[in-house]
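Below is one structure, written out as C-alpha cells; comments come after it.
Since the structure is predicted, the reported quantities are computational estimates derived from the model, not experimental observations.
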Amino acid sequence: MRSDQSDLRSVFVIGTDTGVGKSLVSAALLRGAAQAGLRAVGMKPVAAGIDPQPDGSLACGDVLTLQAAGNVAADPALVNPFCLPDPLSPHLAARRAGQRITLAPLVAAHRALLAQADRVIVEGAGGFLVPLDEGDGDGDGDPVPGAPLLTGADLALALGVPLVLVVGLRLGCLNHALLTAEAVRARGLTLAGWVANRIDPAMACADENLDFLRRHIPAPLLADVPHASRWPEGWQPSLFLS
Ligand SMILES: Nc1ncnc2c1ncn2[C@@H]1O[C@H](COP(=O)(O)OP(=O)(O)OP(=O)(O)O)[C@@H](O)[C@H]1O
Ligand SMILES: C[C@H](N)[C@H](N)CCCCCC(=O)O
Ligand SMILES: [Mg+2]
C-alpha cells in the first residue's frame, strides 16, 4: 500500500534514532487534534522496554504518554499490540519474550483504531529501519544471514500512511536525517513533514544545522521544538487541524 499525502487521518511518527522525541511529538499531535475537537488516539505498535512508574507499577512509558495525550479510551491491545519487557531492539526483545513480530496483527489493530477515532497517531520504535523480526529462512527460529528482515519501514508500508520525521538535533543528525529521508523516498512513502527537536541544548551551530536540514529534507518543517524540561508552552502543531 502506498501512502496518500492528502489523507492525514493517520500518520506514522518516525525518528532519526531512538530517544529523539518521537513520543513528545506524537503526544503533541494528539493533544492538538483533541483540542480541536477531534477524536484522537495514539498507537505504539511495538514497545520495547517496560519502565517503573512513580506509583511503583511497571508499564510501557510511551504507551502511557500516548494514552494520556489522546481522548479515546481504546483497548490497550489495539494501542500497543506488542509490549516487550526488555529495552532492546524489538527483534531481540520479542525473541526474549518468546514472541515473533508480524505485520498482520499490527495492520488489523491500526484499522480498528481508525474505526474508533478521527486521528490515529502511530509512534514507531527506534529509527526507521529498526529490526522487528530477523527472518529465519527455513522457519526453524534460528536467524539466517540474508533472510528477509522485517523492519519499521515494512510496517510503514503496510500501514500506508504519511510519515512525520522527528530529527533530534545533535551532532550526527544530518547523516541520520538524510539517510532516513532517502529510505522513505526509496519506498515510495510520503513524508508529510518533519520536526526539529532541540534535544541537545549545547549543540554547536544548531541553527545552521537546522537550516541545512530545511534545505535538504524534501518535506515541510512542521515545528522547531526548543529544548525544555517540560512541554513548550504555545507549541501547537498545525498538522491535522485544517
Ligand atoms: N525538546 C526537548 N527538550 C528536552 N528534553 C527532551 C526534548 N525532547 C525530548 N526530550 C527528552 O528526551 C528523551 C527522549 O524523548 P522521547 O521519549 O520522546 O524519545 P523517543 O524518540 O520517543 O524514544 P523511543 O525510541 O524510546 O521511543 C525523554 O526523556 C524526553 O523527555
Ligand atoms: C529501547 C528503546 N527505547 C527503543 N524502544 C528501541 C530502540 C531500538 C534501536 C535498535 C537499533 O537501531 O539499534
Ligand atoms: Mg518513544
Legend entry - pair Phe128-Val184: side-chain heavy atoms closer than 4.5 Å: yes

Inset, instruction - Taking Lys22 for its side chain and Gly126 for its backbone only, find out whether a donor-acceptor pair lies under 3.5 Å. - result: yes

Legend entry - Leu179, CG atom: more than 12 neighbouring heavy atoms under 6.0 Å: yes

Legend entry - pair Arg170-Asn209: side-chain heavy atoms closer than 4.5 Å: no

Legend entry - Exam field: side chain Asp62 to backbone Ser23, donor-acceptor pair closer than 3.5 Å: no

Legend entry - Value rounded to 0.5 Å, distance of CD in Gln35 from CG in Leu30: 11.0 Å

Inset, instruction - State, to 0.1 Å, how close Gly168 and Ile199 come at their nearest heavy-atom pair, and which atoms those are. - result: CA-CD1, 3.6 Å

Legend entry - Asn80 and Pro45, any side-chain heavy atoms less than 4.5 Å apart: no

Legend entry - Hphob cluster co-occupancy, Leu155 + Leu88, side-chain heavy atoms under 4.5 angstrom: no

Legend entry - Neighbour count >12 (heavy atoms, 6.0 Å) for atom CD, Glu182: no

Inset, instruction - For residues Leu213 and Leu169, determine if any side-chain heavy atom of one lies less than 4.5 Å from a side-chain heavy atom of the other. - result: yes

Inset, instruction - Specify the closest pair of heavy atoms between Asp51 and Gly61, including all atoms of both residues, with the distance to one decimal. - result: OD2-N, 2.9 Å

Inset, instruction - Can you see which heavy atom on Gly15 is nearest to which on Val20, and at what distance? - result: CA-CG2, 3.9 Å

Inset, instruction - State the CG-OG distance between Leu64 and Ser57, to the nearest 0.5 angstrom. - result: 7.5 Å

Legend entry - Nearest-0.5 Å distance that lies between atom CG in Leu149 and atom CG in Leu129: 8.5 Å

Inset, instruction - Taking the side chain as every heavy atom from C-beta outward, state whether Leu66 and Glu123 have any atom pair closer than 4.5 Å. - result: yes

Legend entry - Min side-chain heavy-atom separation Leu150-Leu103 under 4.5 Å: yes

Inset, instruction - Would you mind checking if Asp154 and Arg187 are paired as a salt bridge, meaning a charged N to carboxylate O distance below 4.0 Å? - result: no

Inset, instruction - Answer yes or no: is there a side-chain heavy-atom contact under 4.5 Å between Ile121 and Ser10? - result: no

Inset, instruction - Check Leu29, Val166, Val164 against Leu222 for a side-chain contact (heavy atoms from CB on, under 4.5 Å) and give me the one that passes. - result: Val164

Inset, instruction - Say whether Val130 and Leu92 are linked into one hydrophobic cluster, either directly or through other cluster members, by side-chain heavy-atom distances under 4.5 angstrom. - result: no

Inset, instruction - Can you measure from CG (Leu163) to CD1 (Ile14) and round to the nearest 0.5 angstrom? - result: 5.0 Å

Legend entry - Nearest non-hydrogen partners of Lys44 and Val63, listed with the distance: CB-CG2, 4.1 Å

Legend entry - side chain to side chain contact (heavy atoms under 4.5 Å, CB included) evaluation trace for Val120 with Arg9: CA-CA 6 Å; Val120 180; Arg9 282 181 305 145; over 6 Å; no

Legend entry - Salt-bridge contact Arg198-Asp207 (side-chain N to carboxylate O under 4.0 Å): yes

Legend entry - Shortest non-hydrogen separation from Leu191 to Ala219 and the atoms involved: O-CB, 3.5 Å

Legend entry - Nearest-0.5 Å distance that lies between atom CD in Gln67 and atom SG in Cys60: 10.0 Å

Legend entry - Note, Asp7 side chain near Pro162 side chain (heavy atom, < 4.5 Å): no

Inset, instruction - Show the numbers, then the answer: is there a side chain to side chain contact (heavy atoms under 4.5 Å, CB included) between Leu132 and Thr151? - result: CA-CA 5 Å; Leu132 300 180; Thr151 72; 5.5 Å; no

Inset, instruction - Answer with yes or no whether the hydrophobic clustering places Leu221 together with Val167; edges join I, L, V, M, F, W, Y residues whose side-chain heavy atoms lie under 4.5 Å apart. - result: yes

Legend entry - Gap separating the CH2 atom of Trp194 from the CG atom of Leu210, nearest 0.5 angstrom: 4.5 Å

